[in-house]
Amino acid sequence: MTKKEVLEMLDDMEGRILRSNGFIAGFVTQGFILELIDRKRAEVAALEEGNMMGAVVATGMAGEGGHARIPIVGLQIVVDRYVEYLREELATSRKAAEWVERNIIRRSNRELVVAVCCDSGGRATNIDVVAKGTVNCCLASVAEIFKVAVISNAVNIILFHNHPCGDPTPSAKDEETTRKVREVGELLDIGLLDHIIIGSDGAYYSFMENNVAGSSPDGA
């Protein structure tokens, strides 16, 4: 690989990163990666043509068995906005459904999956809009549901999603998701207090009230 080809490759990498939305996999910032590319570009420019293979290896794109550098990364929670919250708003499943519908669901005509993270005292600490779907479907893996809960050291979560059709009756998929979330939460020591499906005109379905999810939102 010639010096020109390596420099063109670095230019292409820079362009791809600049077109990203600010974060690379693992929440490494654009600035961090671009700084590495600039540093590598300067190193390549100083190399002779015969030493170009070493330059490729050092960028972390070495072949099998080659040497590469990988970043040390960290995760951060970014605050999108704030909503008003009183502790009693999670005291019952109905109040919890009304609170999430008023602050999150009402703003959307698509199906959303929302996780409210709680501390050991049953107080909400943050709200994670886990996924946004279509008018009748929203796919969210169990790993995605627990991502913010794990990072924010949540003790419990309350899971919500809406049915834009207005009927909150759970589907077989809803029941399966509830079971999986409860089982994974037990492994993570993060309790599932309830899974609430929100319909229209105040209608909702609570897995806790139907003796499916486990303990009640107030920890009883």
Side-chain angles (χ1 to χ4, degrees), residues 20-32 73-135 138-164 166 168 177-178 181 184-185 188-209 213-220:
S20 72
N21 62 358
F23 292 89
I24 316 302
F27 286 86
V28 180
T29 62
Q30 278 186 352
F32 177 79
V73 303
L75 297 177
Q76 294 181 333
I77 296 175
V78 178
V79 176
D80 181 30
R81 62 188 178 90
Y82 290 88
V83 299
E84 295 298 324
Y85 164 69
L86 296 174
R87 184 172 182 178
E88 56 264 30
E89 287 173 311
L90 296 182
T92 66
S93 296
R94 176 174 295 280
K95 288 184 176 181
E98 292 172 349
W99 180 64
V100 170
E101 193 280 332
R102 182 172 65 252
N103 287 287
I104 307 294
I105 303 298
R106 188 178 297 176
R107 301 170 180 267
S108 177
N109 60 0
R110 297 182 294 169
E111 190 165 318
L112 303 179
V113 175
V114 177
V116 174
C117 298
C118 302
D119 63 16
S120 59
R123 294 175 292 268
T125 56
N126 63 71
I127 303 171
D128 177 27
V129 179
V130 178
K132 298 180 181 181
T134 64
V135 294
C138 186
L139 301 178
S141 69
V142 176
E144 291 173 314
I145 289 171
F146 279 105
K147 183 184 297 182
V148 170
V150 170
I151 297 172
S152 63
N153 297 316
V155 176
N156 297 296
I157 65 169
I158 305 175
L159 187 63
F160 299 82
H161 80 276
N162 63 315
H163 285 177
T177 297
T178 303
V181 170
V184 172
L188 296 172
D189 287 329
I190 299 176
L192 174 64
L193 298 182
D194 201 351
H195 180 187
I196 299 173
I197 303 173
I198 298 174
S200 59
D201 300 324
Y204 75 96
Y205 178 92
S206 162
F207 281 83
M208 182 275 296
E209 289 182 348
S215 60
S216 62
D218 61 5

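Residue numbers start at 1 and run along the sequence shown.
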Once you round to the nearest 0.5 Å, how far does CD1 of Ile145 lie from CD1 of Ile190?
12.0 Å
Nearest heavy-atom pair of Lys132 and Cys138: which atoms, and what distance?
C-SG, 3.7 Å
Exercise: identify the closest heavy-atom pair between Gly199 and Pro168
N-CB, 3.9 Å
Correct closest heavy-atom pair for Tyr204 and Ser93 would be CE1-CB, 4.0 Å
Give, for atom OG of Ser206 and atom CD1 of Ile158, the distance between the pair rounded to the nearest 0.5 Å.
9.5 Å
Value for OG1 (Thr177) from CG (Leu192), rounded to nearest 0.5 Å, stands at 11.0 Å
Please report, to 0.1 Å, the donor-acceptor pairs under 3.5 Å made by any side chain of residues 110-117, with sequence neighbours excluded.
none

Mutual orientation of the aromatic rings belonging to His195 and His161 [parallel < 30°, tilted 30-60°, perpendicular > 60°]:
tilted
Does some side-chain heavy atom of Ile157 sit less than 4.5 Å from a side-chain heavy atom of Val181?
yes
So Glu101 and Asn162, side chain to side chain contact (heavy atoms under 4.5 Å, CB included) or not? Walk me through it.
CA-CA 8 Å; Glu101 193 280 332; Asn162 63 315; over 6 Å; no
Between the side chains of Asp119 and Thr125, does any donor sit under 3.5 Å from an acceptor?
no
Locate the shortest heavy-atom distance separating Arg102 from Glu89; write the atom from each residue and the value.
NH2-OE2, 2.9 Å
Kindly indicate whether the side chain of Val100, heavy atoms from C-beta on, has any atom under 4.5 Å from the side chain of Ile196.
no
To the nearest 0.5 Å, how far apart are CD in Glu98 and CZ in Arg106?
9.5 Å
Show your working on side chain to side chain contact (heavy atoms under 4.5 Å, CB included) between Trp99 and Val83 and close with a plain yes or no.
CA-CA 10 Å; Trp99 180 64; Val83 299; 4.0 Å; yes
For residues Tyr85 and Asn103, determine if any side-chain heavy atom of one lies less than 4.5 Å from a side-chain heavy atom of the other.
no
Are there more than 12 heavy atoms of other residues, nucleotides or ligands under 6.0 Å from atom CG of Leu139?
no
The reported gap from CG in Leu159 to CE in Met208 (rounded to nearest 0.5 angstrom) is 13.5 Å
Nearest atoms (heavy-atom pairs only) where Ile198 meets Ala97
CD1-O, 3.6 Å
Let me confirm one number: the CD1-CZ distance from Ile151 to Phe146, rounded to the nearest 0.5 Å.
13.5 Å
